[in-house]
Chemist: 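What follows is a structure written as structure tokens; I'll ask about it next.
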Amino acid sequence: MSLFLEWKKQKRTGYVTAYAGCGLLAAAFPLINTGARPETFLSLPGNPLDILMNANWQMIAMLNILVSILGACLMYHTEYAEKGWEKMSTLPVHTGKLFLGKCILATLGLAVLLFLEFSSLTICQHHWFPKTPIAIKELLSFAGFQFMTTLPTVILMLVIASACESMWVSLGIGVILLFTFSIFPQENLVLSLLPFSSPFQLFSLAQEQGWTSLFIWICLGEAVIFILGEGVYQKIRRSFS
């Protein structure tokens, strides 16, 4: 029931519109990029999906992180507007459940983004690489890897937004983290495992280095740590309020 109420609440904030708009924009990018210079991609050797991912994923990942930042800020802006969070604390509603509800919605939003984006990549491969059959297992492996590497960033951004009563503060922190971590060298394993950096990693490159399982488990561990850390933070916050 709380998840349903959270969904109804977020529909009024522009959250759904932001995710839908960003998903369509990110999905359109590979179509435009490949359609504008198809000969460049057709001349490259290798797996068509690898070629399309190498050419488009950096921009797609950037858009995914940006909408995750915006979505987290919108989610908590409604909670803090007009002292709504203080009023909520007087009700028999556990703040941890509210955070988990937001995590579930943000996770579903990320899944929808990836569905749109990989649908676009599939269309590109079918249209410009018709001789290469589309491998569903390979496509799901790519999508699953990108989902896991982006998940810690989505949850960490929710933690940041929950700690900042001003939407502009959390928005500024998210944008600074995005552009700071995006310029880090992607070849460095430690830096590439950090939130706001891991979404830029490619499944094919991680597979070549033998880092696929490491990325998945580390990113899953980060997501769990951020969720548990939010629970600890909320307890400390309630004790001082």
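Nothing fancy with the numbering, it's 1 onward along the sequence.
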Chemist: Going by side chain to side chain donor-acceptor pair (under 3.5 Å), name the pairs with one or both residues in residues 199-210, residues two or more places apart or in two chains.
Modeler: Gln186-Gln201

Chemist: Does the Ser198 side chain pair with the main chain of Pro195, one donor and one acceptor, at a distance under 3.5 Å?
Modeler: no

Chemist: Would you say the side chain of Ile173 lies within less than 4.5 Å of the side chain of Cys164, judging by non-hydrogen atoms?
Modeler: yes

Chemist: List in chain and number order the residues that pass ring-ring contact (aromatic ring centres under 6.0 Å, His included) with Phe200, two or more places apart in sequence or in another chain; answer none if no residue qualifies.
Modeler: none

Chemist: Check Phe41 against Ala55 and note the closest heavy-atom contact, atom names and distance.
Modeler: CE2-CB, 3.0 Å

Chemist: Does any pair with a residue in residues 212-222 pass side chain to side chain donor-acceptor pair (under 3.5 Å), and if so which ones, sequence neighbours excluded?
Modeler: none

Chemist: Taking only residues two or more places apart in sequence or in another chain, which ones pass side chain to side chain contact (heavy atoms under 4.5 Å, CB included) with Ile176?
Modeler: Thr180

Chemist: Drop me the distance from Leu156's CG to Leu151's CG, to the nearest 0.5 angstrom.
Modeler: 11.0 Å

Chemist: If you look only at pairs with a residue in residues 105-128, which of them pass as a side chain to side chain donor-acceptor pair (under 3.5 Å), with sequence neighbours excluded?
Modeler: Asn64-Glu117

Chemist: So, using side chain to side chain contact (heavy atoms under 4.5 Å, CB included) as the criterion, who are the partners of Met148 when residues are at least two apart?
Modeler: Ile216, Leu220

Chemist: My understanding is that only one of Phe203, Trp57, Phe147 makes a ring-ring contact (aromatic ring centres under 6.0 Å, His included) with Phe118; could you say which?
Modeler: Trp57

Chemist: Run the side-chain contact (heavy atoms from CB on, under 4.5 Å) test on Phe196 and Ile65 for me, step by step, so that the C-alpha distance in whole Å, both residues' side-chain angles and the decisive distance to 0.1 Å come before the verdict.
Modeler: CA-CA 7 Å; Phe196 293 92; Ile65 299 174; 3.8 Å; yes

Chemist: Given side-chain contact (heavy atoms from CB on, under 4.5 Å), test Lys102 with Ser162 step by step and report yes or no.
Modeler: CA-CA 10 Å; Lys102 289 175 169 53; Ser162 73; over 6 Å; no

Chemist: Does Val224 sit in a hydrophobic cluster with other residues, and if so which ones, taking ILVMFWY side chains as linked at heavy-atom separations under 4.5 Å, directly or through other members?
Modeler: Leu228

Chemist: Apply side chain to side chain contact (heavy atoms under 4.5 Å, CB included) to Leu171 and list each qualifying residue two or more places apart in sequence or on a separate chain.
Modeler: Ile69, Cys73, Trp168, Val175

Chemist: Tell me, with the steps shown, if Phe129 and Leu52 meet side-chain contact (heavy atoms from CB on, under 4.5 Å).
Modeler: CA-CA 10 Å; Phe129 300 89; Leu52 292 170; 4.2 Å; yes

Chemist: Treating Thr150 as the side-chain partner and Pro199 as the backbone partner, does any N or O pair qualify as donor plus acceptor under 3.5 Å?
Modeler: no

Chemist: Under the side chain to side chain donor-acceptor pair (under 3.5 Å) definition, can you give me all pairs with a residue in residues 25-48, not counting sequence neighbours?
Modeler: Asn33-Arg37, Asn33-Asn56, Asn47-Glu138

Chemist: Answer yes or no: is there a side-chain heavy-atom contact under 4.5 Å between Cys103 and Leu158?
Modeler: yes

Chemist: Return the minimal non-hydrogen interatomic distance between Leu113 and Cys22, and the atom names on each side.
Modeler: CD2-C, 4.2 Å

Chemist: Among residues at least two apart in sequence or on other chains, which ones pass ring-ring contact (aromatic ring centres under 6.0 Å, His included) with Phe215?
Modeler: Phe145

Chemist: Do Asp50 and Leu202 have side-chain heavy atoms sitting under 4.5 Å apart?
Modeler: no

Chemist: Just to verify, what does Tyr15 make a ring-ring contact (aromatic ring centres under 6.0 Å, His included) with, not counting sequence neighbours?
Modeler: Tyr19

Chemist: Which pair of non-hydrogen atoms, one from Pro45 and one from Ile51, has the smallest distance, and what is that distance?
Modeler: O-CD1, 3.9 Å

Chemist: For Trp211 and Ile218: C-alpha separation, side-chain torsions, deciding distance, then whether side-chain contact (heavy atoms from CB on, under 4.5 Å) applies.
Modeler: CA-CA 10 Å; Trp211 293 345; Ile218 292 293; over 6 Å; no

Chemist: Taking all heavy atoms of Ala26 and all of Ile60, pick out the closest pair and write down the distance.
Modeler: O-CG1, 3.9 Å

Chemist: Name all residues meeting the side chain to side chain contact (heavy atoms under 4.5 Å, CB included) criterion together with Val112; count only those two or more places apart in sequence or in a different chain, and write none if there are none.
Modeler: Leu116

Chemist: Identify the heavy atoms of Met53 and Gln146 that sit nearest to each other, and give their distance.
Modeler: CE-OE1, 3.7 Å

Chemist: Ignoring hydrogens, what is the shortest heavy-atom contact between Leu189 and Ser192? Give both atom names and the distance.
Modeler: O-OG, 2.8 Å

